[in-house]
Amino acid sequence: MDQEVTSVSKEPEPFGQAPAAIQIITNDEIRRSGASSLPEALRLADNLEVAQDNAHDWNISARGFNADLSNKLLVLIDGRTVYSPLFSGVIWDVQNVMLEDLDRIEVVSGPGGTLWGANAVNGVINVISKSAQDTQGWYMEGAGGSELRDSGAIRYGGTLAPNVYYRVYGNYFDRNNEVYTGGAPAPDAWSEGRGGFRIDTAGPSDDKFTLQGDYYNGAGGNSSTPGIDVESGENVIGRWSHTFSTDSDMSLQLYYDRTNSSQPTAPFILLGHTFEPGGRFSDSLDTYDLNFQHHFVIGDYNQITWGTGYRFTHDQNANAPTLAFYPAPLNQNLWSCFVQDEIKLQKDLFLTIGTKVEHNDYTGFEVQPSGRLQWNVTPKQMLWAAVSRAVRTPSRIDHDLVEPTGLPAGFPQSLLTGTTAFTSETLIAYEVGYRAQLGDKVSGSISTYYNDYTKIRSTTPSVPFGFPIYLQNNLEGETYGVEVSADYQALDWWRLHAGYDFLKEHIHVAPGEVDFTHGLNETADPQNQVSFRSSMDLPQDMEFDTGLRWVDTLTVNNGPTAATIPSYFELDARLAWHPTKNLEISVVGQNLLHDQHPEYGFPSSTQVQIERSVYGKIAWSF
């Protein structure tokens, strides 16, 4: 409860006093879970929906709207927004961070637009790495097994000068195919290599500097279209922070990020005739981002945080015959500023109000205000409530997409097309929560919410053929739910964790409008999720960890009609031995209750199912 978090107010504060539905995934929890990728580690957050689509594709969201193109969750890695303007979402298979170097992952469910901006509609995931000072010396690991066929990582940390620390790292993995419904291998094997560095200053100075960067290159098979998905990229981040006094500080951050992707596209075939051939679609994105933030105190009652930012993106597409964006090259500018004031009303009662104003090239100005009330009932119990507005601004899919058919004149020339009239999706959210430490052994939280959405993306058919289908804003609806999380230190050597997530969605077509899928295209979410974890420190320097999860039935709509994915129980387990302080040998089993099971995808003979996996790992630090 005392652990420091920064995602709620953009300033350090104790987890127990952060007035939002936030959960922390610690480095030790990641290690003991046996997770070998960032999406697997995110299963540890009870307030997320995580569904594995195939060997390298994942669908991850908070509070609903989890589908192939999930677009209402903002993800940051060390202050860098991991964002694809093609669909306003995250390409998870390239976020292969080195898990050993993570300090923590902060997961906020609920809107964060006031601080973080557009697309922080249903939540924020903030992935935070350790400083170079905390990763000194050598670290090496190697693993191999059935699905994680082989992986390895090496990292070295040292000093460049007094109070100047660095680390360099490299890692690689190769993941096996998953399987189709009948058990035949799906051609979706996935491999990637990555390397990078980080430099941090430390010591008594009021100025702190960080410089870090990464490069990656990977490829994965495509289970739906023959061919290989290729991904590569690099980034570099510079950050300067200065402390003026105990009540005032500032930070300035600049980063550059380049991503490259190429994937096969299917031909358009009608009545056995190919009108448009298949091909490859490629996208290269350059992002330049500058952010400034200042925090200060006025008297005894006001803590002000404000900031401003600018982002420039250059997106260059190589269009395929059946998938194109026009214009193919596109430059976009995003200007932003925010201000937030935490007002001390009484000794243990605080009101936080603020807003963010952004200007983008598609919809112009967007305003995202919020108000948040916090009552510290006791030093270890807190009640909070919030009202927020957030927006999901248009992506290139919404605005610039064309899927050509190649049909003769007089017939539909496109299957799906974006529209220049597409506007921002809007959310008004109401939240109430409680967090407490009840004695020395029990802590927990409960959050409830009601979300009111308007102008949600719709698929509107045209007449007389029904095609092209236009992307418009003809949906609206409400969601509400409850998120519960609890920890119990049963014994000195045994810790238990439980979580429950309830979600009810009612997304429908706005009065007088139409939608091709009757409002089903944007959601594929379980109504109930339950998780239970056990962590034991056994004699002889052994560790035994288990994680059981139950995911309710969900409805998918990426086929000719709506269909369901059955509910399922699944179990992960890890047994580790530390023969010395710096050496760890472990065996990890994942999805142990089934030979294979589906988590997403339309039920058919070519639906990809997730297999049972077992791998061994050795980690050595010195």
R80 with D289: basic N within carboxylate O range, under 4.0 Å: no
Main-chain N/O of V367 paired with R389 side-chain donor or acceptor, under 3.5 Å: yes
Note: E483 and A21 closest approach over all heavy atoms is OE1-CB, 3.7 Å
Within a strict 4.5 Å, meaning less than it, do heavy atoms of the F65 and I507 side chains meet? yes
Give a yes or no on whether the ring-centroid distance for H314 and F312 is below 6.0 angstrom. no
Taking the ring of F281 and the ring of F325, is the distance between their centroids below 6.0 Å? yes
How close do A118 and E358 get, heavy atom to heavy atom, and via which atoms? N-OE1, 3.0 Å
Evaluate whether atom CZ of F516 has more than 12 neighbouring non-hydrogen atoms of other residues, nucleotides or ligands under 6.0 angstrom away. no
Would E49 and L554 satisfy side chain to side chain contact (heavy atoms under 4.5 Å, CB included), going step by step from the backbone distance to the final call? CA-CA 11 Å; E49 292 100 47; L554 58 90; over 6 Å; no
For S282 and S262, does a side-chain donor sit closer than 3.5 Å to a side-chain acceptor? yes
Minimal heavy-atom distance between N59 and D68, with the atoms involved, is OD1-CA, 3.7 Å
Quick one about S458 and E513 (side-chain donor to acceptor, distance below 3.5 Å, no hydrogens or angles considered), yes or no? no
Can you find a heavy atom in the side chain of I456 that is under 4.5 Å from one in the side chain of E425? yes
Between T287 and T313 (side chain of the first, backbone of the second, donor and acceptor by atom type, cut-off under 3.5 Å), is there such a pair? no
One thing to verify: whether D188 and R175 come together as a salt bridge, which I'm taking to mean a side-chain N less than 4.0 angstrom from a carboxylate O. no
Yes or no on side chain to side chain contact (heavy atoms under 4.5 Å, CB included) for L416 and L471, after CA distance, side-chain angles and deciding distance? CA-CA 8 Å; L416 183 67; L471 297 175; 3.9 Å; yes
Check this for me: H508, atom NE2, are more than 12 non-hydrogen atoms of other residues, nucleotides or ligands nearer than 6.0 Å? yes
So, T454 side chain and E476 main chain: donor-acceptor pair closer than 3.5 Å or not? no
Please determine, by modelled atom types, if Y500 and N528 share a side-chain donor-acceptor pair under 3.5 angstrom. yes
Side chain to side chain contact (heavy atoms under 4.5 Å, CB included), that's the test. Do F422 and S395 meet it? Break it down for me. CA-CA 9 Å; F422 195 97; S395 66; over 6 Å; no
Considering non-hydrogen atoms only, spot the tightest contact between A189 and N177 and give its length. N-OD1, 2.8 Å
Using the side chain to side chain contact (heavy atoms under 4.5 Å, CB included) rule, take T81 and R311 through it: C-alpha gap first, then chi angles, then the decisive distance, then the call. CA-CA 11 Å; T81 301; R311 180 180 302 159; 3.3 Å; yes
Test salt bridge (Lys or Arg N to Asp or Glu O under 4.0 Å) applied to D572 and R549, step by step: CA-CA 9 Å; D572 299 337; R549 67 183 185 276; 3.5 Å; yes
State, without any angle test, whether N451 and Y453 hold a side-chain donor-acceptor pair at a distance under 3.5 Å. yes
Please name the pair of heavy atoms, one in R280 and one in I228, separated by the smallest distance, quoted to 0.1 Å. NH2-O, 2.5 Å
Side chains of N260 and S284: donor-acceptor distance under 3.5 Å anywhere? yes
Is it the case that the side chain of D515 and the backbone of G519 share a donor-acceptor pair, with hydrogens and angles ignored and the cut-off at 3.5 Å? yes
Keeping the roles fixed (side chain from E106, backbone from N126), state whether a donor-acceptor pair exists under 3.5 Å. no
Does S70 reach the main-chain N or O of A67 with its side chain, forming a donor-acceptor pair under 3.5 Å? yes
Are side-chain heavy atoms of E178 and Q609 found at a separation under 4.5 Å? no
Using a distance-only test with no angle check, is there a side-chain donor-acceptor pair under 3.5 angstrom linking E147 and S613? no
Could you check whether N521 and T459, counting side-chain N and O atoms only, form a donor-acceptor pair closer than 3.5 Å? no
Going by atom types alone, do D229 and N222 pair a side-chain donor with an acceptor below 3.5 Å? yes
Any side-chain heavy atom of Y449 within less than 4.5 Å of one from T479? yes
Heavy atoms, side chains only, cut-off 4.5 Å: are T322 and L415 in contact? no
Could you check, using the six-membered ring where one of them is a Trp, whether W190 and F173 have ring centers closer than 6.0 angstrom? yes
How are the rings of H273 and F275 set relative to one another: parallel (under 30°), tilted (30 to 60°) or perpendicular (over 60°)? perpendicular
Is a side-chain N or O of N473 found less than 3.5 angstrom from the main chain of K455, in a donor-acceptor match? yes
When rounded to the nearest 0.5 angstrom, what is the spacing between CG in L401 and CD in E403? 5.0 Å
Do T393 and E366 get their side chains close enough for a donor-acceptor pair, meaning under 3.5 Å? no
Distance-only polar pair, side chains of D46 and S485, donor-acceptor under 3.5 Å: yes
Between N591 and Y568, do the side chains contain a donor N or O and an acceptor N or O under 3.5 Å apart? no
Side-chain donor/acceptor of N122 to backbone N/O of A62, under 3.5 Å: yes
Return the minimal non-hydrogen interatomic distance between N474 and T460, and the atom names on each side. ND2-OG1, 2.9 Å
F365 and H359 aromatic ring geometry - parallel, tilted or perpendicular at 30°/60° bounds: perpendicular
For N360 and Y362, indicate whether the former's side chain and the latter's backbone hold a donor-acceptor pair under 3.5 Å. yes
Validation row: T181, P603 side chains within 4.5 angstrom (heavy atoms): no
Before accepting this row, confirm whether a basic side-chain N of the pair E431/R63 lies closer than 4.0 Å to the acidic partner's carboxylate O. yes
A side-chain contact here means heavy atoms from C-beta on lying under 4.5 Å apart; do L548 and F569 qualify? yes
With a 4.0 Å cut-off on N to O distance, would you call D398 and R392 a salt bridge? yes
Close side-chain approach of L407 and P412, heavy atoms under 4.5 Å: yes
Check for a donor-acceptor pair, side chain of Y600 on one end and backbone N or O of W58 on the other, with a separation under 3.5 Å. no
